[in-house]
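Some notes on the structure that comes next.
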Amino acid sequence: MPELPEVESVKIGLNQLVLGQEIDRVQVDWPRIIVGDLQTFINRLSGQKIINVDRRGKYLLFILSDWVLISHLRMEGKYLYKTGEDLSDHQNRHVHVTFFMRDGSTLLYHDVRKFGRMQLITPDQLDHYFEAKGLGPEPTVEDFDISVFASKLGKTHRPIKPVLLDQKLVAGIGNIYADEILFRAGIHPNTPCDHLNPDQIKALHQSILEVIHQAVASGGSTIRTYRNSLGQAGKFQQALQVYGKEGQACPRCGSRICKIKLAQRGTHFCPNCQEAKKV
DNA sequence: CTTGCTGTTCGGAA
DNA sequence: GTTCCGAACAGCAA
């Protein structure tokens, strides 16, 4: 489910719900969710206080007294917060990790496909963790430098879409926003990166900043099942122009939106507005 | 019933 | 270095 805007919305919701809560104990019903030793994970979380909830790319970061809990929601991970009296969803078969708080409330991790992952690291390992993954800059005006972006694009002949997805040139873009960004920039998803001219790179950089910013402001997109931790759907799906619009009229020129498979991912684009650049 | 599709990431093989 | 494929899973549509 979640790309950067959805994770950001989850982060904001969690900060309203669990800030200052102290974890009493943790129950894990699907051990594969946890990276590293399960018992160590459980032991270390007992007694930890939630100082803050942060985000880097699509990674959710629970800043605890002594540890950082890194949580990746992958396709369908969700957090549900329940007060002490509210036992709904405790028996839900898709709840795989339960955080029992000292005040009796609970934080449930719900993940239908069980693809999500959680890992504990120390605060001083945080920078190294993301550096080791090669995670690119946040798509913000402050962090996302166009000259660095242009330089890296010029070094690869790969099609632009999978490059946007691989998190290394810029963090947080997933399949939905990649298609929307390329449509707004008027660039065909199959265009080799080293064929993009300076105007196209400028348009692409600008589209990345704008689409992600607008999606964050809209609380993300709810395509099938996404909800933030307050149970709210996103609103940006109403602003989508090509994703999931196969066969519909392009909002700019009226051509029919195409859907192809590119790097094993469904890819939507307008064959007229995003014509492949001649090589 | 079967097949193919889905918002992600990782690792192995060609 | 790049690309393809499968794996990790469950549910839904055709």
Side-chain angles (χ1 to χ4, degrees), chain A residues 1-11 28-36 55-60 70-79 92-97 109-119 129-130 132-136 152-182 189-195 211-212 215-216 218-229 232-247 259-268:
Chain A
M1 83 165 190
E3 307 180 32
L4 187 155
E6 292 76 32
V7 179
E8 177 67 14
S9 181
V10 170
K11 180 200 94 176
V28 177
D29 299 304
W30 190 260
R32 299 187 70 115
I33 301 267
I34 310 305
V35 176
R55 180 193 58 71
R56 176 78 170 90
K58 303 176 194 173
Y59 295 83
L60 203 52
I70 300 179
S71 172
H72 198 300
L73 277 25
R74 294 284 184 97
M75 295 286 264
E76 298 214 35
K78 291 171 187 61
Y79 281 99
N92 188 307
R93 58 186 294 236
H94 299 305
V95 167
H96 309 304
V97 183
Y109 178 69
H110 181 282
D111 190 343
V112 169
R113 295 178 70 182
K114 300 174 177 166
F115 283 179
R117 292 292 179 264
M118 292 182 198
Q119 182 171 1
Y129 180 86
F130 292 117
K133 289 189 183 297
L135 191 65
K152 290 181 176 172
L153 285 173
K155 289 182 169 62
T156 178
H157 194 63
R158 296 171 69 196
I160 181 61
K161 170 153 177 185
V163 169
L164 290 180
L165 291 180
D166 89 2
Q167 313 298 305
K168 288 184 165 58
L169 295 210
V170 57
I173 297 171
N175 207 37
I176 297 175
Y177 297 115
D179 285 359
E180 294 299 315
I181 285 163
L182 289 169
N190 206 17
T191 311
C193 290
D194 56 2
H195 288 190
V211 169
I212 297 298
V216 166
S218 305
S221 304
T222 295
I223 301 300
R224 282 188 294 279
T225 65
Y226 167 72
R227 298 274 154 165
N228 68 18
S229 43
Q232 300 161 332
K235 292 189 175 66
F236 195 74
Q237 66 276 10
Q238 298 163 14
L240 297 177
Q241 304 197 287
V242 289
Y243 184 87
K245 308 289 185 185
E246 182 186 14
K259 181 177 180 184
I260 59 170
K261 205 80 158 170
L262 182 54
Q264 335 314 337
R265 308 299 302 277
T267 298
H268 312 73

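Reminder, nothing fancy here: chain letters follow the sequence lines and each chain counts from 1. Everything quoted here is computed from the prediction, not taken from an experiment.
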- Query: A:Tyr177 near the nucleic acid: base, sugar-phosphate alone, or nothing, with a heavy-atom cut-off under 4.0 Å?
  - Reply: nothing
- Item | Length of the line joining A:Glu76:CD and C:dA10:P, which is rounded to integer Å | 11 Å
- Item | Integer-rounded Å distance: C:dC9 P and A:Arg113 CZ | 11 Å
Using residues 163-172 of chain A as the side-chain source, report each donor-acceptor pair under 3.5 Å to any protein atom, sequence neighbours left out, with the distance given to one decimal.
from, atom 1, to, atom 2, distance (Å)
A:Asp166, OD1, A:Lys168, N, 3.0
A:Asp166, OD2, A:Arg158, NH1, 3.0
A:Gln167, OE1, A:Gly172, N, 2.7
A:Gln167, NE2, A:Leu165, O, 2.8
A:Gln167, NE2, A:Ile173, O, 2.8

Just the table, please: protein N/O against nucleotides 10-14 of chain B N/O, every pair under 3.5 Å.
from, atom 1, to, atom 2, distance (Å)
B:dC10, OP1, A:Lys133, NZ, 2.9

- Item | Distance, rounded to the nearest Å, where A:Leu4 contributes CG and B:dT8 contributes C1' | 14 Å
- Message: Can you tell me if A:Arg265 touches the phosphate of B:dC5, counting only side-chain N or O atoms and a distance under 4.0 Å to OP1 or OP2?
- Response: no
Listing time: all N or O pairs from protein to nucleotides 12-14 of chain C that are below 3.5 Å?
none

- Query: Rounded to whole angstroms, how far apart are CD on A:Glu3 and C1' on B:dT8?
  - Reply: 10 Å
- Note on the structure: A:Gln167 atom CD is separated from B:dT8 atom C1', nearest whole Å, by 9 Å
- Would A:Asn228 and A:Lys11 count as having a side-chain donor-acceptor pair, cut-off 3.5 Å? no
- Query: For A:Tyr129, which residues count as a ring pair (Phe, Tyr, Trp, His ring centres under 6.0 Å) partner, sequence neighbours excluded?
  - Reply: none
- Query: What do you reckon, are the aromatic ring centroids of A:Tyr243 and A:His268 less than 6.0 Å apart?
  - Reply: yes
- Query: With a 4.0 Å cut-off on heavy atoms, is A:Arg93 in touch with a base, just the backbone sugar-phosphate, or nothing at all?
  - Reply: sugar-phosphate
- Message: Does A:Arg117 reach a base, just sugar-phosphate, or nothing at all? Heavy atoms under 4.0 Å.
- Response: nothing
- Task: Report the stems of DNA chain C as range-with-range entries sorted by first number; a stem here is at least three consecutive pairs, Watson-Crick or G-U wobble, both distances under 3.5 Å, and write none if there are none.
- Result: B:2-6 with C:10-14, B:8-14 with C:2-8
- Message: Within the 4.0 Å heavy-atom criterion, would you say A:Gly266 contacts the bases, only the backbone, or no part of the nucleic acid?
- Response: sugar-phosphate
- Task: Report yes if a side-chain nitrogen or oxygen of A:Lys114 is closer than 4.0 Å to either non-bridging phosphate oxygen (OP1 or OP2) of B:dT8; otherwise report no.
- Result: no
- Taking CD1 from A:Ile176 and C1' from B:dC5, how many angstroms apart are they, rounded to a whole number? 14 Å
- Expressed in whole Å, how much space separates the C1' atoms belonging to B:dC1 and C:dA8? 25 Å
Check the interface with nucleotides 2-5 of chain C: list each N/O to N/O pair with the protein under 3.5 Å, or write none.
from, atom 1, to, atom 2, distance (Å)
C:dT2, OP1, A:Thr156, OG1, 2.7
C:dT3, OP2, A:Arg158, NE, 3.3

- Task: Find the distance A:Leu73:CG to C:dC9:P and express it as a whole number of Å.
- Result: 17 Å
- Query: Between A:Trp30 (CH2) and C:dC9 (C1'), how many Å, whole number?
  - Reply: 8 Å
- Go through the steps for A:Gln119 and A:Tyr59 under the test side chain to side chain donor-acceptor pair (under 3.5 Å), then give the verdict. CA-CA 11 Å; A:Gln119 182 171 1; A:Tyr59 295 83; over 6 Å; no
